Amino acid sequence: MQWKTADYAGWGRAIRVRGTLTRPERLGALATALTGRGPAIGNFRSYGDAALNAGGAAVQMTRLDRLLSFDAETGVLEAEAGTTIAELLRVFAPRGWMPPVMPGTGFATLGGCIANDVHGKNHHDAGSFGQHVLAVTLMTDTGPRAVTPEADPGLFRATMGGLGQTGAILSARLQLRPIPGQRMRVVETRIPDFDAFIAALGGSTAEFTVGWVDATARRKRLGRGILEEGELLEGSRPGPMRRAKSVPFDAPGLLLSWPVVKLFNRWRLARIPDSGRKRIRALDEFFFPLDALHDWNRLYGKRGFHQFQCVVPQDAAPALREILAAIAKSGIASPLAVLKRMGPGRAGHLSFPMAGYTLAVDLPARKTRAAPLYARLEDMVQAAGGRLYLAKDALARPGTIAAMYPELDAWRAEIARIDPEGQMETDLVRRLKLRSAA
């Protein structure tokens, strides 16, 4: 096991740090690496500074990726934290099982999904990822420690969505869900405006729903986009393997300029006929659409981007409309804007979800207006009784985050008990003063 000094960043690439990293392959080496050094991190899929430790050390868990056990009768899987969600889908879908909650990228690790209590296109039905975790094993000063919601509910809740602050996640037992086949039946519908989108999301009976929104549209067309509704297709076999492409260099700023983005959005909308479109898609194509283009974050250029993702309560949908209007008026949104309906499911003190609607929009960091816009949106979310997603954040302020997460004090108490020296702190934890209000 070797330590190396390296420059690294989150997926948004707007914040870059220099520190020392190591990637152990065995538990013995991991225990040595963690002693007095720094936090455990995953595959750098958090967008901001949630997995960064500027000037310090971090232990990357991606080589600890073994599948430890699987019960084919119950669908209970035990796997190491470095295993990716795409790998779980690849291995178990042919056997009739898959993770019950799928994040937007298959490159997310099992440990990362737990640390951020991720959600998917079926949150309104299945809840968050941590709600399907049966047990988690943490590395502590005295060795591996199994944590269950029955035996230690406080520590378990602090771990689900707890940003890795309760200790390095070694492995987890996860309840997979049975599936009837390996393909999806997808219906795409063009939606004319925001109010129609909210009505369509609320009225959909599909298990999986997600909306792409034209974040450049204004006035009567504000919030127009495409609603995707997906259902698992019975008896279907997988389609041909996707041949992923890569972005070989950092794109110039002109590529995602406002006029280009507007043209792209119009083209994308025009592809869906008035009567809608039906397609059969492979599981990975539906759940991880952007994974077909590796390193797509380089499209935003060397300065990277910030992602703003919020959730507001159901009765605050009009406030979300105003948030989207502010983004459209700013002239700095990207082609990637997503609108989804959420249910109440959440597994931890700092879990993001609440029953309502979530909006995610990329903001190119090369624009000097990105940070002021983010601050304005942050205030609007707080006023609406919503919250920001810590897995995506790089710009929020400590006071507003504390107001958005009412269980923060309960989380702090568990963290003080399990990591009193702050060994697992990351840049996000320090920036937002999550461990202490001082």
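Count residues from 1 along the sequence. Computed from a prediction, not measured in an experiment: that's the story for all the values here.
Not one N or O on the side chain of Asp117 forms a donor-acceptor pair closer than 3.5 Å with the backbone of Ser351. Distance alone, capped at 3.5 Å, is enough to place a donor-acceptor pair between the Asp193 side chain and the Ala196 backbone. In terms of modelled atom types and a separation under 3.5 Å, the side chain of Gln175 and the main chain of Thr74 share a donor-acceptor contact. A donor-acceptor pair under 3.5 Å links the side-chain atoms of Arg298 to the main chain of Pro248, judged by distance alone. Within the 3.5 Å criterion, the main-chain N or O of Ala79 finds no donor-acceptor partner in the side chain of Arg66. Side chain of Thr358 to main chain of Cys310: a donor-acceptor pair is present (N/O by atom type, distance under 3.5 Å, no hydrogens or angles). Distance alone, capped at 3.5 Å, is enough to place a donor-acceptor pair between the Thr426 side chain and the Ala50 backbone. For Gln307 (side chain) and Tyr47 (main-chain N/O), no donor-acceptor pair under 3.5 Å exists by modelled atom type. Of the possible polar contacts, none joining the Arg177 side chain to the Gly75 backbone as a donor-acceptor pair under 3.5 Å is found.
Between Phe156 and His349, the gap from one ring centroid to the other reaches at least 6.0 Å. Taking the six-membered ring for Trp and the full ring otherwise, Phe287 and Phe208 have centroids separated by under 6.0 Å. Checked against the 6.0 Å centroid criterion, the rings of Phe70 and Phe92 qualify as a close aromatic pair. Ring centers of Phe107 and His294: under 6.0 Å apart, within the cut-off.
One finds a salt bridge joining Glu228 and Arg281 here, because a Lys/Arg side-chain nitrogen approaches an Asp/Glu carboxylate oxygen to under 4.0 Å. Asp49 and Arg431 are joined by a salt bridge, as a carboxylate oxygen and a charged side-chain nitrogen come within less than 4.0 angstrom of each other. No salt bridge links Arg16 with Asp7; every basic N to acidic carboxylate O contact stays at or beyond 4.0 Å.
There is a side-chain donor-acceptor pair under 3.5 Å between Ser204 and Glu229. A side-chain donor-acceptor contact under 3.5 Å links Arg23 and Thr62. Arg430 and Asn53 share a side-chain donor-acceptor pair at under 3.5 Å. Thr109 and Thr84 are not linked by any side-chain donor-acceptor pair at a separation below 3.5 angstrom, with hydrogens and angles left out of the test. Between the side chains of Asp295 and Ser246, not a single donor N or O lies within less than 3.5 Å of an accepting N or O.
In this pair, His119 and His123 present their aromatic rings perpendicular. The plane angle is above 60°, beyond the 30 to 60° band.
Tested against Trp11 for a ring-ring contact (aromatic ring centres under 6.0 Å, His included), the candidates Trp296, Phe305, Phe44 yield a single pass: Trp296.
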Item to check | Derivation and outcome, side-chain contact (heavy atoms from CB on, under 4.5 Å), residues Arg435 and Asp419 | outcome: CA-CA 10 Å; Arg435 287 180 59 102; Asp419 182 28; 3.5 Å; yes
Item to check | Worked check of side chain to side chain donor-acceptor pair (under 3.5 Å) between Tyr374 and Asp393 | outcome: CA-CA 10 Å; Tyr374 195 101; Asp393 175 62; 2.6 Å; yes
Next on the checklist: Please determine whether side chain to side chain donor-acceptor pair (under 3.5 Å) holds for the pair Thr83 and Asp65, giving the CA-CA distance in whole Å, both sets of side-chain angles, and the decisive distance to 0.1 Å.
Outcome noted: CA-CA 4 Å; Thr83 308; Asp65 60 354; 5.9 Å; no
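In the displayed structure, Arg376 atom CZ is contacted under 6.0 Å by at most 12 heavy atoms of other residues, nucleotides or ligands.
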